Amino acid sequence: MSGFLSQPGDIIIGGTFLIHVNRNYIQPLFTTNPSDLQCHTFGSEYYQGMHALMFALQEINKNPDLLPNITLGWQIFDTCTAMRRTTQGMFWMLSGRQELTPNYHCNRESHLAGIIGDSASTRAILMAQILGLQHYPQISYYATSPLLSNRALFPSFFRTIPSDEFQMKGLAQLVSKFGWSWVGLLATDNDYGQYAMQVVKQEVLKAGACIAFFVDIMTSKPDRNAPQIARKLRETTAKVIVVMASDGDFLIVLEEVLRQNVTGKVWVGSEAWASSTLLSAKRFQHVLVGSVGFSIHADQISGFAEYFESLNPSLDLHDPFIKEFWEQAFSFYAFAWALHNLYDCQLGKGPFQHGSCANISFFQPWQLFYYVKHVNFKTKDGNHIFFDAKGNPPPIYDIINWRVNAKGSTEQIIVGSYYSSAPDEKNFPVNTSTILWNTGGTQV
């Protein structure tokens, strides 16, 4: 099976990552089996996320106090934006080997603890519907749909990124903060985009602004409806465009925006693209410089930069993605602490019937689910990791501004924060005087 990585261990952590952000669209004939999907457009930030998992597990394995005499391994799969590959990868992990065997785990030497993923809400929902049947813990690092907060439908789903119900209200407040009263809305036609469109539209209108247009980015079409979108952008008098889409989908729209020479817009971005390295390419600078948007608040992982910079294609031949990265040049501590607390359980004081404990060598998914649900700790970098009753982390965002640095490269600078749990007058500290707009000045 192509697009997978694995490392053996006593306990396995699964992971689905969007290593490639696009694929070839093949029209089904319904007379033969569908051909294998061809993935393309390498996503370097998702690749870094994959290596963050591998780095975290290596660090955990080196820590003698966390899981003594237990080695964590991993199984990682590139979903390539496709529901079919997401299902394929998930069943591969649940089966324990490359042949897919639903309802059976065929690898008796290792135990699957749970799965980290997926990055997209639609794919994460698909996974959560299946994993929740047996309470396999699932922790997503990027799926933001509020639907996933429904404990009745998705009992074992957690995430280390806040739900969109907070961010989308924040995007509308950002529009109000700058006094914009005439805006256009672009959103993908999936779970993520449609919920975002609904909330932002409602909140913008409630604040007294007007909507010039709202258009879908059609994810089922190879061109994403980009020619029509670019024409609409060229014709509209609205200068401010709020975009709620992944970087892979917005990339195709931007290519068409360049072709049709659409300029002079201020882009307001959701977290799915506002801190993207994929869109930081030089050819997009004259379109995207001056953009503002939301970014997930996160600190650096100690030692990860050195680890990532040390990767070398000649030293890591087992990794089929690393050559492509070189050519283009926190959720993971949560599982470990849950396993540590499971391992540390004292018989008679355990959380299960009659004070019993789970066996670290052979535990049930629902037993680890209990410990993931109650995870509450601080990393050595000071990050506080816990989940609320709906499986969500504290809702904190950074506000970023796109600009060109002294070397001529695109960079995203933090200019403020958004705390959705704070009172309205204190939830949006933004230093507006530091923002550089597409005019090159600081005047809104």
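In this text, all values refer to a predicted model and were calculated from it rather than measured experimentally.
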Ring centres under 6.0 angstrom apart ([X], [Y]):
X      : Y      : answer
Tyr418 : Phe294 : yes
Tyr419 : Tyr397 : no
Trp337 : Phe386 : no
Phe178 : Trp437 : yes

Exercise: do [X] and [Y] side chains pair donor with acceptor under 3.5 Å:
X      : Y      : result
Thr188 : Asp249 : no
Gln285 : Thr410 : yes
Gln167 : Glu271 : yes
Ser270 : Tyr192 : yes
Asp216 : Gln194 : yes
Ser280 : Gln412 : yes

Is it true that, when you exclude Lys169 itself, more than 12 heavy atoms of the residues, nucleotides or ligands shown sit nearer than 6.0 Å to its NZ? no
Do other residues, nucleotides or ligands put more than 12 heavy atoms under 6.0 Å from the NZ atom of Lys177? yes
Should [X] and [Y] count as side-chain neighbours, where that means a heavy-atom distance under 4.5 Å?
X      : Y      : answer
Val375 : Phe377 : yes
Leu368 : Tyr136 : no
Val257 : Leu233 : yes
Phe157 : Asn150 : no
Val200 : Leu185 : yes
Tyr195 : Met244 : no
Trp273 : Leu288 : yes
Phe250 : Glu255 : no

Ring-face cation contact, Phe158 with Lys373, 6.0 Å cut, 45° max: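 Here Lys373 fails the 6.0 Å and 45° test against Phe158.
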Establish, yes or no, whether the cationic atom of Arg85 lies under 6.0 Å from the six-membered ring centre of Phe17 and within 45° of the ring axis. no
With rounding to the nearest 0.5 Å, note down the distance linking [atom1] in [X] to [atom2] in [Y].
X      : Y      : atom1 : atom2 : value
Ile130 : Met90  : CD1   : CE    : 3.0 Å
Trp267 : Leu279 : CH2   : CG    : 11.0 Å
Met168 : Phe166 : CE    : CZ    : 12.5 Å

I would like to know whether Val268 and Leu174 meet side-chain contact (heavy atoms from CB on, under 4.5 Å); could you show each step before the answer? CA-CA 9 Å; Val268 180; Leu174 191 64; 4.0 Å; yes
Whether [X] side chain and [Y] backbone form a donor-acceptor pair below 3.5 Å:
X      : Y      : result
Ser95  : Trp92  : no
Asn401 : Ser291 : yes
Gln75  : Gln7   : no

Evaluate Thr237 against Trp182 for side chain to side chain donor-acceptor pair (under 3.5 Å), listing each step before the verdict. CA-CA 9 Å; Thr237 56; Trp182 184 236; 2.9 Å; yes
Applying the side-chain hydrogen bond (donor to acceptor under 3.5 Å, both in side chains) test to Arg159, which of Ser145, Ser140, Ser149 qualifies? Ser149
Option among Asp191, Asn392, Asp164 that satisfies the side-chain hydrogen bond (donor to acceptor under 3.5 Å, both in side chains) test with Thr144: Asp164
Are Glu256 and Arg224 ion-paired here, with the side-chain N under 4.0 Å from a carboxylate O?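 Answer for the salt bridge query: no.
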List the steps, then state whether side chain to side chain donor-acceptor pair (under 3.5 Å) holds for Asp189 with Thr219. CA-CA 6 Å; Asp189 61 349; Thr219 56; 2.8 Å; yes
Heavy atoms only: give me the nearest [X]-[Y] pair and the separation to one decimal.
X      : Y      : answer
Gly269 : Leu171 : O-CD2, 3.6 Å
Leu148 : Ala128 : CD2-CB, 4.2 Å
Thr442 : Leu436 : CG2-CD2, 3.9 Å
Trp180 : Ala209 : O-CB, 3.7 Å
Phe213 : Ile241 : CZ-CD1, 3.9 Å
Ile161 : Ala143 : CG2-O, 3.5 Å

Which is it for Asn438 and Val289 under the side-chain contact (heavy atoms from CB on, under 4.5 Å) test, yes or no, and what are the steps along the way? CA-CA 6 Å; Asn438 54 3; Val289 164; 5.8 Å; no
Worked verdict on Arg403 versus Asn405 for side chain to side chain donor-acceptor pair (under 3.5 Å): CA-CA 7 Å; Arg403 58 180 71 174; Asn405 62 22; over 6 Å; no
For Arg234 and Asn261, run side-chain contact (heavy atoms from CB on, under 4.5 Å): C-alpha distance rounded to whole Å, both residues' side-chain angles, the deciding distance at 0.1 Å, then the answer. CA-CA 8 Å; Arg234 202 174 60 229; Asn261 195 29; over 6 Å; no
As a quick check of understanding, evaluate side-chain contact (heavy atoms from CB on, under 4.5 Å) for Asn225 and Val215, giving each step before the final call. CA-CA 9 Å; Asn225 196 36; Val215 179; 4.2 Å; yes
